[in-house]
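Worth knowing before you read on, the calculation uses all heavy atoms, side chains too, and leaves out hydrogens, waters and symmetry mates. Just so you know, ligand 1 is whichever comes first in the structure, and atom 1 is the first atom listed for that ligand.
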Amino acid sequence: MRQMSDELRRHLDDDGRGERLRAGFHIAIIGEPNVGKSSLLNTLAQRDVAIVSSLPGTTRDIVEVHLDLKGFPATLFDTAGLRASDDPIEAEGMRRAKQRAAEADLRVLVVDAQVPKVSPAVSGLLTEGDLVVANKCDLLGSADHLAPSPISANESLTFMPMLLSAKHGDGVDGLIDHLTELVSNGLAGGDGVFLTRARHRKALEETTQAIDRSLQGRLETPELLCEDLRIAARSLGRITGRVDVEDLLDVIFADFCIGK
Ligand SMILES: Nc1nc2c(ncn2[C@@H]2O[C@H](COP(=O)(O)OP(=O)(O)OP(=O)(O)O)[C@@H](O)[C@H]2O)c(=O)[nH]1
Ligand SMILES: [Mg+2]
């Protein structure tokens, strides 16, 4: 029983991966204005979702698309370009962009490959495991392709940008492969059994608690021990789909007031 309880606890301790698997991995595209964030979103979505223009500050609202990364669900968010601005609407767009960046599972920072620099306020949004892409690589001379400059988020966190052209497609397959790997690592792990619904998690918690109670020296009261094991089996049955007659009667009496 103890072994079973430990095993169930391992499933519960999955860092919410299962729920994320269901909701999809959240990826925020961030960066300064005009670097090609919306172009990248459109390229990855393979449709013209976000407005692209040569005017910096085009995107204000967050634009969201759902992606299927080789079977793994992800939601991609295009955000407003980050810069100093007195325009209250743009400022609100930037506030939302930063919030979405903080909430996302993964951030993709886009920089312009020709000027691969970014203000510390923007690179400071990155955390370990994020990605940096240097876009518009089609505008580079051939020598520049060899050594993209690293981007530092802080003294101890530096990123090597992936060269890319959102407009012409160079490097996009490589980026998709990389994103797929990150998303699958983020969602998978462990033994591949996930709790994809909150009610499954709750039922498994009840199962574990009932088993633990049964293990706490109830041998002298076998009727209580049996009751806990019955509760454990019922809670587990809610996940596996096994419903017994007692369950049905409980629902009928509780929900339909029959026999009351
Ligand atoms: N040459 C070239 N131009 C690009 C590339 N990607 C984007 N552009 C151009 O760069 C300009 C800005 O692109 P957007 O995708 O609107 O840039 P953004 O980062 O979303 O800009 P904001 O919404 O203002 O923050 C447009 O004129 C695009 O056509 C690229 O890979 N190569
Ligand atoms: Mg944009």
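Asp87 and Ser85 share no donor-acceptor pair across their side chains, judged by distance under 3.5 Å alone. With hydrogens and angles left out, the side-chain atoms of Ser5 and Thr208 include no donor and acceptor closer than 3.5 Å. Side-chain atoms of Arg95 and Gln99 form a donor-acceptor pair, as typed in the model, at a separation below 3.5 Å.
A side-chain contact (heavy atoms from CB on, under 4.5 Å) with His168 is found for exactly one of Asp138, Thr43, Leu139, namely Asp138.
Side-chain atoms of Arg107 do not come within 3.5 Å of backbone N or O of Asp130 as any donor-acceptor pair.
The Mg ion (ligand 2) has an N, O or S atom of Ser38 inside 2.8 Å of it. Not one N, O or S atom of Thr58 sits under 2.8 Å from the Mg ion (ligand 2).
A salt bridge does not link Asp112 with Lys117: every distance from a Lys NZ or Arg NE/NH1/NH2 to an Asp or Glu carboxylate oxygen is 4.0 Å or more. For Glu206 and Arg234, the salt-bridge test fails: no basic side-chain N is under 4.0 Å from an acidic carboxylate O.
Listed as neighbours of ligand 1 are Pro33, Asn34, Val35, Gly36, Lys37, Ser38, Ser39, Val52, Ser53, Ser54, Leu55, Pro56, Gly57, Thr58, Thr59, Gly81, Asn135, Lys136, Asp138, Leu139, Ser165, Ala166, Lys167, each bearing a heavy atom under 4.0 Å from the ligand.
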